[in-house]
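Remember, it's a predicted structure, so these values are computed and weren't measured experimentally. Any value given below was found using the heavy atoms of this structure, including those in side chains, with hydrogens, waters and symmetry copies removed. In each ligand, atom 1 is the first atom listed, and ligand 1 is the first ligand listed.
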Amino acid sequence: MKFTDNLPLMSGLPRADLPTDESLILASGSPRRSQLLKAAGYSFTVQPASDEAECGMCSRETAPELVARYAYRKAADVASKNDGGLILAADTVASCYGQILGKPHDIEHAEAMLRQLSGRRHDVFSGFCVWSVSQNRCVVEVVRTELQMQTLSEEMLAEYLDSMLWEGKAGAFGFQDGNDWLEVLDGGSETNVVGLPMERLAEVFRDFDLLATEIAIEKDGPSFPN
Ligand SMILES: Cc1cn([C@H]2C[C@H](O)[C@@H](COP(=O)(O)OP(=O)(O)OP(=O)(O)O)O2)c(=O)[nH]c1=O
């Protein structure tokens, strides 16, 4: 099998008008998130959050809690550096039997994750945060997509690890990298697996006024909404 990092479904992605007259800033260095936004027709600039925004894992935290918190922290980091702007940040992890799988540190870590996911149902959670700097209000949401990975043969596993396409991808796999090794179950969002749930994002842009909550700024910066 040939593996290539090609995003599927690049046409017909939903797009909504932005909820404020601020320019859209993507607070993410993920090439997939940029590709998805571009494909949907959004104009935006890219300002990745600093690495410190993605730290401080809490052992009791669930996958949805973690991605919500990281998305918020990434948005807060970029918001603190801009006088205006509609900031969009996100975070994606895989989760299998309660274990959270983030980006692999090295090839051994990637192999261990792929062996864990092989032949199993699992979830991918993407949290995203839309933050209006001028209104000092934001929305944080999490979307779950359930997946089934086929049982990977030793050849497939070796070939994928060799391709290095697992680098920088949660769970050490790219939904977009293979033809049929992953199946999205129950009509879940494919763009959510790749890092940004485009369908829900358009709804949040549309309903921002109803959904957004005030950002509480404390001494040490914005506190995470419960
Ligand atoms: C599960 C899965 C994840 N991914 C990617 C999306 C994200 O880029 C990455 C998860 O890491 P994230 O920490 O969510 O994002 P990032 O480090 O790439 O970028 P930033 O923190 O600046 O926003 O995994 C895929 O490309 N395909 C997949 O199938």
Below the 3.5 angstrom mark, is there an N/O of G174, backbone or side chain, next to an N/O of ligand 1? no
Would one find an N or O of K169, backbone or side chain, under 3.5 Å from an N or O of ligand 1? no
Carboxylate-amine/guanidinium contact [X] [Y], below 4.0 Å:
X: R144; Y: E146; result: yes
X: R69; Y: E65; result: no
X: K81; Y: D77; result: yes

Tell me the protein heavy atom at minimum distance from [atom], and give that distance in Å.
atom: atom 16 (P) of ligand 1; answer: K103 NZ, 3.8 Å
atom: atom 29 (O) of ligand 1; answer: F175 N, 2.7 Å
atom: atom 3 (C) of ligand 1; answer: V193 O, 3.5 Å
atom: atom 22 (O) of ligand 1; answer: G29 N, 2.7 Å
atom: atom 5 (C) of ligand 1; answer: R32 NH2, 3.9 Å
atom: atom 10 (C) of ligand 1; answer: T92 O, 3.7 Å

Mark yes when over 12 heavy atoms from residues, nucleotides or ligands other than D209 sit less than 6.0 Å from its CG; otherwise mark no. yes
Does a sphere of radius 6.0 Å around CG in D51 hold more than 12 heavy atoms from other residues, nucleotides or ligands, not counting ones at 6.0 Å or beyond? no
If the contact criterion is a heavy-atom separation under 4.0 Å, does [X] count as touching ligand 1?
X: G168; value: yes
X: A170; value: yes
X: A49; value: no

Among V124, T62, V93, find the residue that satisfies the side-chain contact (heavy atoms from CB on, under 4.5 Å) test when tested with V67. V93
For S134, does its backbone N or O pair with a side-chain atom of E22 as donor and acceptor, under 3.5 Å? yes
Please state which part of A90 comes within less than 4.0 Å of ligand 1, counting heavy atoms only: side chain, backbone, both or neither. backbone
Within reach of ligand 1, part of Y70 (heavy-atom separation under 4.0 Å): neither
Just do the side-chain contact (heavy atoms from CB on, under 4.5 Å) check on L147 and L185 with the steps written out, would you? CA-CA 5 Å; L147 295 155; L185 304 175; 5.8 Å; no
